[in-house]
Amino acid sequence: MSRPSPLTSRLAGFGTTIFAEMSALANRTGAVNLGQGFPDTDGPAEVLEAAVTALRAGHNQYPPGPGIPALREAIAAHQRRFHGIELDPDGEVLVTTGATEAIAAALLALCEPGHEVVTFEPYYDSYAAGIALAGATRRPVTLRPPDYAVDPDALAAAFSPRTRLVLLNSPHNPTGKVFTRAELELVAAQCRERDVLAVTDEVYEHLVYDGREHVPLATLPGMAERTLTISSAGKTFSLTGWKIGWACGPRELVSAVLTAKQFLTFTSGAPFQHAIAHALGLPDAYFDSFRAGMQARRDRLCAGLEAAGLDVFRPAGTYFVTTDIRPLGEDDGHAFCLSLPERAGVVAVPTVVFYDDKEVGRPLVRFAFCKREEVIDEGAARLARLRS
Ligand SMILES: Cc1ncc(COP(=O)(O)O)c(C=O)c1O
């Protein structure tokens with residue numbers, strides 16, 4: 001006799017994430033994995049050494065709930081150095097288990113059941129789950145290729161008297177879009193007028209290309225006092241398995257998030273906290289060469305995808321590029337990705353899973369370029385088979 005699923009209705013429909021599904025497909029088929037966004041090279045050697053030193057120095061017990069002071073100070077110094085944001089490391093900075101925990105804790109701490117959260121689709125999958133866990137409702141604003149620009153009318157229409165916060169990701173996964181200052185000003189104006197909070201996910205803050213700038217929403221007029229800024233070390237230092245993230249902003253917001261966070265994990269990653277405190281102080285040369293290397297890989301993969309006959313939407317940031325498969329005579333991105341390992345020996349992710357508006361997302365497919373050059377080249381060579 002089969003029992004009904006024990007899963008709470010709040011989480012119905014949030015089964016295995018598409019990343020796990022596609023990575024399992026890559027492992028099973030031996031395909032080149034251009035699906036999940038994790039780098040296939042290690043982070044900086046001196047940061048790895050700093051973790052080993054911290055382990056050997058006995059930093060292996062619970063760190064303080066808000067994070068070790070050295071890391072909170074390093075995060076505050078990083079925000080000042082790169083963004084001109086001033087923070088008190090005691091109360092305005094909170095260390096979390098990756099950005100994922102910061103996002104979930106923020107939604108749980110700040111939303112009542114019945115509240116609405118304005119976000120942009122396609123959205124990172126943990127947003128929908130976090131909003132659902134909090135008992136809130138998502139109100140997506142649709143971004144469409146080729147440029148994924150914000151439509152001011154659609155943005156205004158997404159707000160209602162029930163809107164509690166805007167959850168904004170820039171640079172944006174999966175599109176690679178970097179919100180312009182003008183677009184952020186539209187968001188800020190809505191937040192100010194309607195007295196709404198903002199939570200920003202800036203995990204790709206150091207991956208912005210072609211001389212463009214990453215503008216934290218918190219730096220816009222009237223936004224510092226209502227914005228919780230979230231980021232993490234995973235992407236910036238190619239250490240996604242360490243799960244050291246943070247949330248910064250006004251004391252009351254950070255304290256609310258800490259209240260939720262302390263019952264999720266309380267704390268984590270003692271030796272890694274020490275190592276990331278070191279990493280955040282690396283010289284500008286590290287951040288510049290990391291960005292330049294990733295920009296070169298973007299160019300390499302975009303060229304390969306174009307040669308394979310896809311319509312390519314060149315990203316301004318992140319490690320992802322989205323494409324439209326219709327020039328290949330197909331229009332179902334999900335079916336395309338399921339068949340791609342067999343047809344071409346490559347794994348990619350169907351962007352439709354990040355859209356509520358399935359029609360917009362249907363023909364779109366995301367590829368990741370945070371891979372070694374030879375892996376990108378091999379993936380591109382295999383994709384070239386699609387043309388024949
Ligand atoms: C937009 C976005 N936010 C958050 C995360 C997760 O960050 P972390 O690994 O620090 O939890 C990712 C990882 O892919 C991401 O793409």
Side-chain angles (χ1 to χ4, degrees), residues 17-23 33-40 43 47 67 71 75 78 93-108 117 119-131 133 138 140 143 148 166-179 198-208 214 216-217 228-248 257 260-261 264-265 267-269 272-273 275-276 279-280 294 315-322 348-349 351 353-355 366-371:
T17 76
I18 189 71
F19 309 112
E21 187 186 337
M22 290 298 164
S23 284
N33 190 354
L34 302 181
Q36 200 172 3
F38 61 85
D40 59 0
V47 179
L71 178 53
I75 293 164
H78 170 275
V93 178
L94 170 65
V95 175
T96 58
T97 305
T100 306
E101 186 195 36
I103 293 160
L107 291 164
L108 289 170
V117 174
T119 189
F120 295 85
E121 66 170 352
Y123 44 75
Y124 182 59
D125 63 346
S126 86
Y127 297 2
I131 293 166
L133 278 175
R138 61 179 181 271
L143 304 173
Y148 297 106
V166 178
L167 176 53
L168 177 118
N169 171 218
S170 182
H172 182 261
N173 175 12
T175 64
K177 169 189 177 64
V178 176
F179 282 66
V199 175
T200 65
D201 173 349
E202 306 183 15
V203 299
Y204 298 102
E205 61 188 305
H206 288 288
L207 289 174
V208 174
H214 164 64
L217 189 66
L228 185 79
T229 304
I230 292 172
S231 191
S232 94
K235 313 293 173 177
T236 299
F237 301 107
S238 302
L239 296 166
T240 58
W242 286 14
K243 297 295 285 187
I244 300 294
W246 49 88
C248 312
V257 178
K261 182 240 157 33
L264 294 173
T265 57
T267 188
S268 61
F272 302 130
Q273 291 199 19
I276 297 301
L280 287 169
M294 208 61 84
T318 76
Y319 3 93
F320 304 110
V321 50
T322 56
V349 167
T351 314
V353 300
F354 311 119
Y355 272 105
R366 187 196 82 173
F367 294 85
F369 51 82
C370 47
K371 309 291 173 187

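Only heavy atoms go into these numbers, but all of them, side chains included; no hydrogens, no water, no symmetry mates. Both counts, for ligands and for their atoms, begin at 1 and track the order of listing.
For ligand 1, the polar-atom distance check against A99 finds a nitrogen or oxygen pair separated by under 3.5 Å. For Y127, no nitrogen or oxygen atom sits less than 3.5 Å from a nitrogen or oxygen atom of ligand 1, counting backbone and side chain alike. In terms of N/O distances under 3.5 Å, ligand 1 is not approached by E101.
A distance of 9.5 Å separates CD of E121 from NE2 of H172, quoted to the nearest 0.5 Å. Taking CD from Q273 and CH2 from W246, the interatomic distance works out to 11.0 Å, rounded to the nearest 0.5 Å.
Below 4.0 Å from some heavy atom of K243 lie the following atoms of ligand 1, by number and element: 8 (P), 9 (O), 11 (O). Listed by number with element, the atoms of ligand 1 under 4.0 Å from a non-hydrogen atom of K235 are 12 (C), 13 (C), 14 (O).
Taking all heavy atoms of F38, Y123, W242, Y124 into account, the minimum distance to atom 15 (C) of ligand 1 is reached by Y124. If you check each of D201, N169, N173, I244 against atom 3 (N) of ligand 1, the one with the closest non-hydrogen atom is D201.
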Self-check item: Chi angles and distances behind the side chain to side chain donor-acceptor pair (under 3.5 Å) call for T351, T322
Solution: CA-CA 8 Å; T351 314; T322 56; 5.9 Å; no
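Checking S126 against T100 by side-chain atom types alone, no donor-acceptor pair falls below 3.5 Å.
Within the 4.0 Å heavy-atom cutoff, Y204 counts among the residues contacting ligand 1.
Relative to the six-membered ring of F38, K235 misses at least one condition, a distance below 6.0 Å or an angle of at most 45° to the axis.
Judged purely by atom type and a 3.5 angstrom limit, T119 uses its side chain to pair as donor or acceptor with the backbone of L167.
The single protein non-hydrogen atom nearest to atom 6 (C) of ligand 1 is T100 OG1, 3.4 Å, given as residue, atom name and distance.
Between Y148 and L143, the closest heavy-atom pair is O-CD2, 3.5 Å.
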